[in-house]
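Beneath this line is the structure, given in structure tokens, with notes to follow.
To find a chain, count down the sequence lines: A is the first, B the second, and so on, and within it residues start at 1. Just so it is clear, the model here is predicted, and its values are computed rather than measured.
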Amino acid sequence: MATTTAPQLTAKTYKSEVHNDWCPGCGDFGIVIALQMALAKLQITPHNVAVVSGIGCSGKTPHYMGTYGFHTLHGRVLPSVTGLKLANHRLTVIGVGGDGDGYGIGVGHFVSGGRRNLDFTYLVFNNDVYALTKGQASPTIEKGKKTKSMADSSIVEAINPVALALASGYTFIARGYALEVKYLANLIAQAIQHRGSALVDIFQTCPTYNDLHSKSWYEGKDSGQPRLYKLDESDYDPVVHDPNDRAEVAQKKAQALLKSEEPSGRLPLGVFYQLEVPTYEDCLREKGVLGHEPQARLGAVFQRDIQPLLDRLA
Amino acid sequence: MATTTAPQLTAKTYKSEVHNDWCPGCGDFGIVIALQMALAKLQITPHNVAVVSGIGCSGKTPHYMGTYGFHTLHGRVLPSVTGLKLANHRLTVIGVGGDGDGYGIGVGHFVSGGRRNLDFTYLVFNNDVYALTKGQASPTIEKGKKTKSMADSSIVEAINPVALALASGYTFIARGYALEVKYLANLIAQAIQHRGSALVDIFQTCPTYNDLHSKSWYEGKDSGQPRLYKLDESDYDPVVHDPNDRAEVAQKKAQALLKSEEPSGRLPLGVFYQLEVPTYEDCLREKGVLGHEPQARLGAVFQRDIQPLLDRLA
Amino acid sequence: MSAPTFSWMIGGPQGSGINLGAEILARVMSRLGYYVFGNIEYHSNIKGKHSYYRLRAADRPVHSHIEEVHLLTALDEETLIGDLYHEFPGHRGHVEQVAPGGGILLEPDRVEGVRRRLDGRDVHLYVIPYGEAVHQALSLAGKGGQAHEYRIMNNTAAIGASAALLGVPFDPLAEVILSGFHGKARRVGETNVHCARFAYEYAQKEFKDLRFKLPPKPRRARDDKQIMLKGTQAVAIAKLKAGCGLQTYYPISPATDESVYLEGQQSQYNLVVLQTEDEVSAIDAAVMAAHGGVRASTSTSGPGFALMPEGLGFSAITEAPGPVVVNYQRGGPSTGLPTRHEQGDLRFALHAGQGDIPRIVIAPGDLSECFYDTFDSFNYADRYQVPVILLLDKHLAAMYATVPRFDTSGLKIDRGELFDPAQRDGRYYRYRFTESGISPRALPGQAGGIFWTTTDEHDQVGHITEGIGNRLTMMRKRMGKLELVEKEIPDEKKFALYGSPQAPIRVVSWGSTKGAILDALGRLDPEGKRYAFLQIRFLQPFPAKQLQALLRGAQKIVCLESNYSAQLAGVLREKTDIRADHKVLKYDGQPFSEDEVVAALEATEAGAGEEVLVSEGKVVSAATYGPEQVDKLVELKEKSGKMAPPMVPLPPGYNR
Amino acid sequence: MSAPTFSWMIGGPQGSGINLGAEILARVMSRLGYYVFGNIEYHSNIKGKHSYYRLRAADRPVHSHIEEVHLLTALDEETLIGDLYHEFPGHRGHVEQVAPGGGILLEPDRVEGVRRRLDGRDVHLYVIPYGEAVHQALSLAGKGGQAHEYRIMNNTAAIGASAALLGVPFDPLAEVILSGFHGKARRVGETNVHCARFAYEYAQKEFKDLRFKLPPKPRRARDDKQIMLKGTQAVAIAKLKAGCGLQTYYPISPATDESVYLEGQQSQYNLVVLQTEDEVSAIDAAVMAAHGGVRASTSTSGPGFALMPEGLGFSAITEAPGPVVVNYQRGGPSTGLPTRHEQGDLRFALHAGQGDIPRIVIAPGDLSECFYDTFDSFNYADRYQVPVILLLDKHLAAMYATVPRFDTSGLKIDRGELFDPAQRDGRYYRYRFTESGISPRALPGQAGGIFWTTTDEHDQVGHITEGIGNRLTMMRKRMGKLELVEKEIPDEKKFALYGSPQAPIRVVSWGSTKGAILDALGRLDPEGKRYAFLQIRFLQPFPAKQLQALLRGAQKIVCLESNYSAQLAGVLREKTDIRADHKVLKYDGQPFSEDEVVAALEATEAGAGEEVLVSEGKVVSAATYGPEQVDKLVELKEKSGKMAPPMVPLPPGYNR
Ligand SMILES: Cc1ncc(C[n+]2csc(CCOP(=O)(O)OP(=O)(O)O)c2C)c(N)n1
Ligand SMILES: Cc1ncc(C[n+]2csc(CCOP(=O)(O)OP(=O)(O)O)c2C)c(N)n1
Ligand code: SF4
Ligand code: SF4
Ligand SMILES: [Mg+2]
Ligand SMILES: [Mg+2]
């Protein structure tokens, strides 16, 4: 949920002063700047934002942000996001982590975390490698391929994050590119504004370990044609217009799936799928479990009267 | 892999003598009988079969089978199957477990285990509840629904096992019904024969806890029309005919996804998707890592000469 | 003969409602003014396997069960003569436990087998056709023809007949039965009352000579503020009282009941109960909720706790104010004995997680302590910014007993040191070095309080550093909090000595053994001169100095616990100069009975070795007793001829 | 002055190749006949953060580093004066470590800052423009203009100059450099040789007065069967030798290198290396592979091990023959210090998992023991059907040292008791009760061997039972295997006493501290009369009786280990009557140096308290030293003015 103030916040407002230790030229820089731009665009007060990360190069992101920052455990971004959001549903909670973190060790949480449709944004820094442990194959490395850092080529089918997110109930699914910062900032802003679980999978260059998917590869320097293109520049419509129409939901999912597996080998950026349905918080509120105030601020919980419960046991 | 002998094996051959402690009328009985029938149909020698389960009511299955039986940990069917199969790739390895086991705590392994395309069969006993812990919501319980055993209705989107399996790289995806035993036996036999990771999601009645999806519900006693129908009785073609044709693969996936989310509310049984590509074992064999003999029988490994490795360190 | 304590047992297949029935009877007796202690034994199975419920009622407080049974109420054959239909049978039934002069309530067709097993022993057989009672009751409701579908009501009949044999008046029984049915279900309740009444009257008429009766008059009045509940409820209610805002859980026996209870209170009490995808997620979500500003907790059992070391480290290194982790221990290792008792996780709870981790570990010993210790744990979590582990077990979880109504008047919430923007001096550092080691915490969303936190080693700001000076300071900051806990928390929360400090023999134990020990000492040494009982509640930080002082000068020290490796004795020896002279152990999946404690202590006086193993009510030999029992059962089975296993119908009319 | 031991250090940003360079130099010295010991310190970071590599060369075996540096080779400013660009700097660089008379190799623009920090101390500054060497070498390859893109070759220049200052001949250096380049890369290798040569010659010409030199002549000949390797390699090679058929892993520092090494051997050695989705899967797959008939293993570090208690219980209760689990300990808790050293997981390894679990825990102390203990572990796993945990650590993983070539002649494979259909008598029971507690195992796929296994408690067949007699027997069957291990495995595998059994002071330790202790005792007590060192290799089952006997009569017992809570001292106290008089501890993320052991032992003789903390080469106070260092660094930073952090360019030309 976005809390807004007078529009004096710039991307720099969201920057911390810590020395950044990513490698020169790492795509992560682009993502962190895009995130800062997105927050500035939405004018969310920094102290109402929490950035929650896993472990990996990507995991260091919160330290570089001038917001509340939680650098948690490898693979546990979504359990962490879930706990924090349930404690204080007024916070804008942004999960960030690597592809190994999110689609590898954390993939169980990825699936289960999406299904709740809690209102969070999750950015996956997808560089096809386990970078911080020196470049082993990650779940998104294509079968048959080998980066310079891998001992041998992969013999495992890669994760298609869009397809997996569709199957996992995410209600906003998009893909960005780390080096198209403005465009990415826009996607992130949309994801934050979306009410529900939003995934932005981000193609991230890792010049140190991933020599396959380099900037020039994405730009199609080898094939003469840019590999990336933008869905919003076509007539692709990701939005489910009638969330109660099961047929439309299914059709939009199938369409997104097909888009994400385009046989041309070209890679679309943009929003693949979007559905507006009540969030987990909405459902809890409807059941009277969650109030308007965040749990964290409910002084009332400390005045609870348990006498009626004891009476029943007499 | 099926090892065959003279055709004298009947379903009973695959039955153990242990007293069965499932509830009267439990759908699990149907599944275990179907599995025995499938093995008899394929005439696989019992000692070449290993049934590997998780924890739950479903987890007790191996004890009722007259084959090698491993009743492992809650949610760990696929890591267990993977280890056993890599030790001895000649075994017919059949994973069995509950929906909580496979799509809940084990869902990370579900996704990761599918992607390798190891040659195993995985049967999920899908009863929408955590039965052995007394009927809490499982990942397949429909949002908004409540069984008699649940404290309140679910506010989480259900897993669609077919969609999830598609996104996870399973190369054989089918759905059966515990009380249509012969049909189920056939599906299981197909799954075993399929070379690669095969999922059979099985609608399983749990008369003790799940009063929603009862036999009469599946039969459509309430609506006057059977909820279940068979894909193979329509012109639905699940098979990818040219595995190298990425467009066909994508299209067959989209088709399966649409089938699994049919807006009519009717529930198809049968094979949703099938793709023949090299298995994980094939790839290892191609790299020279795996021999023809199973690892477990390679006496040679105990005669390894490490002198060349030491020489390099001198 | 009226015993000062009356012991009743009901046994039957799982799913036959013995727990419901037993708890009805327990509440009736409690309402009549008796002190009641109940506990259940059941399999990891939904329907059909053997379970039994023991009740003990007395005119003084009782905290454990005894071995002998005064009235055994059997709903099936297995309760009587065992599960001889298995390749390796597991038990021989309960007929042999019935005291001379006691009785057995059973159905007609089981008499013969029981007679054979009794072999002339003086036990009365009260033969009653439960089905007849059910039939009569259903007839009144116009459903007489359906009695065979209502076998589940057999247990009501059994309770009715039991009540009559015990001499309990019928009206309170009817009242308690009816209290379980609301609204439309009222009719069903009434049918149950009819059923109970039929059996009650039948028993009054037909059965006469049960030698044991309830004590003549209970010592307490009905209104003396006693309640009856289970451990899971005591913990759940304490969490509500403490202001817990998020409970996470993944279903597991025997912990689930606590979360299910809380689920029922969610909307009344503004508590979110989150069923997670696994226990890894359960603890991590709770850690972050604690950081987020709510009090958070998760409850589990061994297999779930085995997935939480990661989360404990997460909490500890980020100095989260919690969570409170409740581990209901059960029989291990691995899946083990999912519904049975053990205290096997002590060492694991103390050391779970890589590296040196500050944590508080508390083991309440009875239902009252379950309540108060749980309440306090949230204060400790907030105050010391550490995870708190509560070690309960299946016995505490499921025991059902009379306890004094909880007194909430002295309970105060302490949220520890919080960041106050008004008092800020210079930049706010979440991990500022302070004298106490505790840094005031801000809550995300608070202006001026922005902080960073990481599971890597970090500086005062919360940013990663591998600097050596910082490392040494941070390690001490974190671990030093345990010294603070040791200093600040009063001793009476950490341990208790029951009996005379001069007693020559000290029984040392922890957790749920308390009840059986107190009962046993009351019997062995009513004056409290020979034995004293030292109950250790704080396992971490361990009150080593105080315990050492309390145990010094003892003639003999006996450690008693429910595990194989004498884990507490090990901790005691590690942390103090005390070496237990005897280790009394039990690891058969069941809690200690009063008799077992008595037998073990008598054995230590009679020259038993260092290790004293008890099982089935007596001191046994670890090397031989088990195999002998296995052999005996196989023999018994061979002698008895094939026993029919419970019939399990296949799903109705499935299509082959 | 030629020292009996020469200490060299190279420092630079991560990614600048200091490890490559240092290892080249190490091999050169080893080939010349010196005994070499190297170790590296680095951050959890890929590029830019400060790392350094220490080498010690001597004419006798050395097993640890010393604090003083005779020649410091700096590739960047931070190596010299620290990371003063942080809000809270982490270190002050290495200038102060250089011994009087020692030297520093550095680039011209860093001289001023170093001079200031040296403050007149007698240290030679050897100023060398690495870039010039690189430029010259590239020119020869026709790439002179690209020198700025080849900063990575600076390290080659640094090695060349170092070699010259040490008086090492150039040819062997060239040979070792070239040996790292094969096929097409040969050209690159040659360019590197040119670069090294330029720097070598420059140094020979320009630099004269380094007071320290390598010892005049090494004592051993080149062909005396020494090899040079790291702990991860020793373990990997042992696994191959033991016939391991499945290695599972999930990447984690510092364990990954072992699996990566094995990955490189997969096809030569018919070994499957499986990269799993997490560590839960890694251990479970290994457990089942062991059941399936192969020898199986998994390697990890603390955070991964924290996900394995479940799998340990799985292995133990199903009596799987393994797996062998290697835990390379690193700084904890939680993510902690991912690339730093600690021995903080001892207690966790002993107690991971709910309930009482049989397991073997072994801690090798040096590279040879890494090899032999790993080999043996597979025999133990097969023989006793238990999981075996090998506790290594980052220090052992990454140390690079000369050791005697492994002798494989005595190594025998023992697969334990296997089911033999020919000798079958009656039905085959996988868990048949036997005298030893070990039941012959069948392999799935074997005719006649069909068995069941479950993580629930089970009977001899492998089916679930909750019977009490069976439970007692099964618990004893499983746990009793530890007694068998204790009986069967010879003492020399379990512990070792170095020095005289009459020595009044006994230093007791475990794992990788061995090297520093042996070196320190060699210095303090060359005759071996005052000190003896008791190294404990078997932590479970713990050889309590033997140790007790060996320690009895000691005047003083000093436990020494790399963790906060003195975990071994605790185990010793728990299992024996021995109480350590002193606990020497270090938990700053670095291994003990020889000097630190010496300082600590001297302190214990000079009346130090029970706990002796060492860091940065000396005995320090836990309460004050850390905070002082943090303050001093902040002061230093304020005094020095802003230091420029390493520049980090953003991704090239991205589109805003
Ligand atoms: C439980 C656990 N296992 C392993 C690790 C080691 N580890 C640290 S970072 C990392 C991989 C990071 O890869 P990814 O998530 O893709 O992030 P990237 O570094 O590529 O941004 C791993 C495996 C860990 N910290 N915790
Ligand atoms: C790690 C762990 N957590 C929890 C449990 C408790 N548990 C046992 S069975 C079960 C659920 C079973 O549900 P499902 O997998 O759907 O199987 P079903 O009983 O419905 O066949 C759970 C949660 C466990 N054994 N291990
Ligand atoms: S290793 Fe790759 S992902 Fe990590 S900081 Fe360097 S370039 Fe970025
Ligand atoms: S509880 Fe349900 S799933 Fe379990 S045995 Fe009974 S009917 Fe079957
Ligand atoms: Mg990555
Ligand atoms: Mg289920």
Side-chain angles (χ1 to χ4, degrees), chain B residues 16 18 21 45-50 52-53 55 59-60 62-63 65-76 78-88 90-91 108-109 111-113 284 287-291 294-298 300-304 306-311 313-314, chain D residues 225-229 233 237 240-246 248 265-267 269-274 276-278 280-296 310-311 314 318 405-406 408 413 443-456 461-464:
Chain B
S16 78
V18 174
D21 73 358
T45 319
H47 69 245
N48 283 326
V49 178
V52 179
S53 71
I55 299 287
K60 296 179 179 173
H63 298 285
M65 296 288 301
T67 63
Y68 281 93
F70 296 90
H71 181 188
T72 72
L73 295 166
H74 188 44
R76 315 304 176 205
L78 292 184
S80 299
V81 159
T82 302
L84 183 59
K85 187 79 190 182
L86 286 174
N88 187 341
R90 294 278 192 81
L91 291 175
H109 309 304
V111 173
S112 312
L284 286 177
K287 287 189 191 251
V289 175
L290 214 61
Q295 291 294 95
R297 305 248 177 85
L298 276 181
V301 301
F302 300 118
Q303 316 300 326
R304 283 177 185 153
I306 57 165
Q307 298 309 328
L309 299 176
L310 297 181
D311 288 345
L313 301 170
Chain D
K225 303 250 177 79
Q226 301 281 316
I227 55 176
M228 246 202 122
L229 83 175
Q233 293 170 327
I237 295 172
L240 291 171
K241 185 66 198 161
C244 179
L246 179 69
T248 64
Q265 314 303 331
Q266 279 192 95
S267 44
Y269 285 92
N270 263 125
L271 163 83
V272 177
V273 179
L274 177 72
T276 55
E277 59 274 21
D278 62 14
V280 171
S281 188
I283 187 167
D284 290 344
V287 170
M288 282 296 283
H291 275 302
V294 307
R295 292 188 147 190
E310 181 186 79
F314 177 18
T318 60
R405 188 174 171 122
F406 304 134
T408 58
I413 304 270
L443 305 188
Q446 207 172 4
I450 284 179
F451 65 77
W452 294 266
T453 189
T454 165
T455 58
D456 283 90
V461 196
H463 291 312
I464 302 175

**Asked** How about D:T408 and B:Q307: do any of their side-chain heavy atoms sit closer than 4.5 Å?
**Response** yes
**Request:** Determine, step by step, whether D:D278 and B:H109 satisfy the side-chain contact (heavy atoms from CB on, under 4.5 Å) criterion, reporting the C-alpha distance in whole Å, the side-chain angles of both residues, the deciding distance to 0.1 Å, and the verdict.
**Result:** CA-CA 9 Å; D:D278 62 14; B:H109 309 304; 3.6 Å; yes
**Request:** Walk me through it: do D:R405 and B:D311 pass the test side-chain contact (heavy atoms from CB on, under 4.5 Å)?
**Result:** CA-CA 9 Å; D:R405 188 174 171 122; B:D311 288 345; 2.7 Å; yes
**Message:** Contact between B:I55 and D:D456 at the side-chain level, heavy atoms closer than 4.5 Å - yes or no?
**Reply:** yes
**Prompt:** What part of B:V52 is in contact with chain D, defined as an atom under 4.5 angstrom from a non-hydrogen atom: side chain, backbone, both or neither?
**Reply:** side chain
**Max heavy-atom pair count under 4.5 Å with chain D, selected residue of B:V49, B:V111, B:L310** = B:L310
**Asked** Is it the backbone or the side chain of D:A286 that comes under 4.5 Å from a heavy atom of chain B, or both, or neither?
**Response** neither
**Message:** So which atom in B:Y68 and which in D:G449 form the shortest heavy-atom distance, rounded to 0.1 Å?
**Reply:** OH-C, 3.1 Å
**Asked** Going through the distances and angles, do B:V301 and D:L271 end up as a side-chain contact (heavy atoms from CB on, under 4.5 Å)?
**Response** CA-CA 8 Å; B:V301 301; D:L271 163 83; over 6 Å; no
**Item:** D:C244 backbone acceptor or donor facing B:R304 side chain under 3.5 Å
**Value:** yes
**Prompt:** Of all of D:V461, D:T318, D:V287, D:I464, which one pairs up most often with chain B through heavy atoms under 4.5 Å apart?
**Reply:** D:I464
**Request:** Considering non-hydrogen atoms only, spot the tightest contact between D:P444 and B:L84 and give its length.
**Result:** CG-CD1, 4.2 Å
**Request:** Taking salt bridge (charged side-chain N to carboxylate O under 4.0 Å, His left out) as the test, write out the residues that go with D:K241, two or more places apart.
**Result:** none
**Fill in**
Sorted by chain and residue number, the side chain to side chain contact (heavy atoms under 4.5 Å, CB included) partners of D:A289 (sequence neighbours excluded) come out as B:A87, D:L246, D:V294, D:A296
**Asked** Looking at B:R76, B:H47, B:Q303, which makes the most heavy-atom pairs under 4.5 Å with chain D?
**Response** B:H47
**Asked** So, D:T455 side chain and B:T72 main chain: donor-acceptor pair closer than 3.5 Å or not?
**Response** yes
**Prompt:** Between D:A242 and chain B, which part of the residue has a heavy atom less than 4.5 Å away: side chain, backbone, both or neither?
**Reply:** backbone
**Request:** Could you tell me the separation between the CG atom of B:L78 and the CD atom of D:E277, rounded to the nearest 0.5 Å?
**Result:** 8.5 Å
**Asked** If you look at every heavy atom in D:G462 and B:H63, which pair is closest and at what distance?
**Response** O-CE1, 3.3 Å
**Request:** Heavy atoms only, distances under 4.5 angstrom: which of D:G293, D:S267, D:G245 has the most pairs with chain B? Name it, please.
**Result:** D:S267
**Request:** Could you give me the CA-CA distance, side-chain angles and deciding distance for D:I237 and B:L313, then say whether side-chain contact (heavy atoms from CB on, under 4.5 Å) is met?
**Result:** CA-CA 11 Å; D:I237 295 172; B:L313 301 170; 3.7 Å; yes
**Asked** Who wins among D:S281, D:A282, D:G445 for the most heavy-atom pairs under 4.5 Å with chain B?
**Response** D:G445
**Proximity breakdown for D:I413 and chain B, heavy-atom pairs closer than 4.5 Å** = side chain
**Message:** Ring-plane angle category for B:F70 and D:H291, please: parallel below 30°, perpendicular beyond 60°, tilted otherwise.
**Reply:** tilted
**Message:** Tell me whether D:W452 contacts the main-chain N or O of B:M65 through its side chain, where contact means a donor paired with an acceptor under 3.5 Å.
**Reply:** yes
**Prompt:** Atom CG in B:L86, atom CE in D:M288: separation rounded to 0.5 Å?
**Reply:** 11.5 Å
**Prompt:** In terms of heavy-atom pairs under 4.5 Å, which option from B:L73, B:L284, B:T82, B:L290 contacts chain D the most?
**Reply:** B:L73
**Asked** Which bit of D:E310 is near chain B, if near means a heavy-atom gap under 4.5 Å: side chain, backbone, both or neither?
**Response** both
**Message:** Counting heavy-atom pairs closer than 4.5 Å to chain B, which one of D:L240, D:I450, D:I227 comes out on top?
**Reply:** D:I450
**Prompt:** Closest heavy-atom contact between B:N88 and D:G292?
**Reply:** CB-O, 4.5 Å
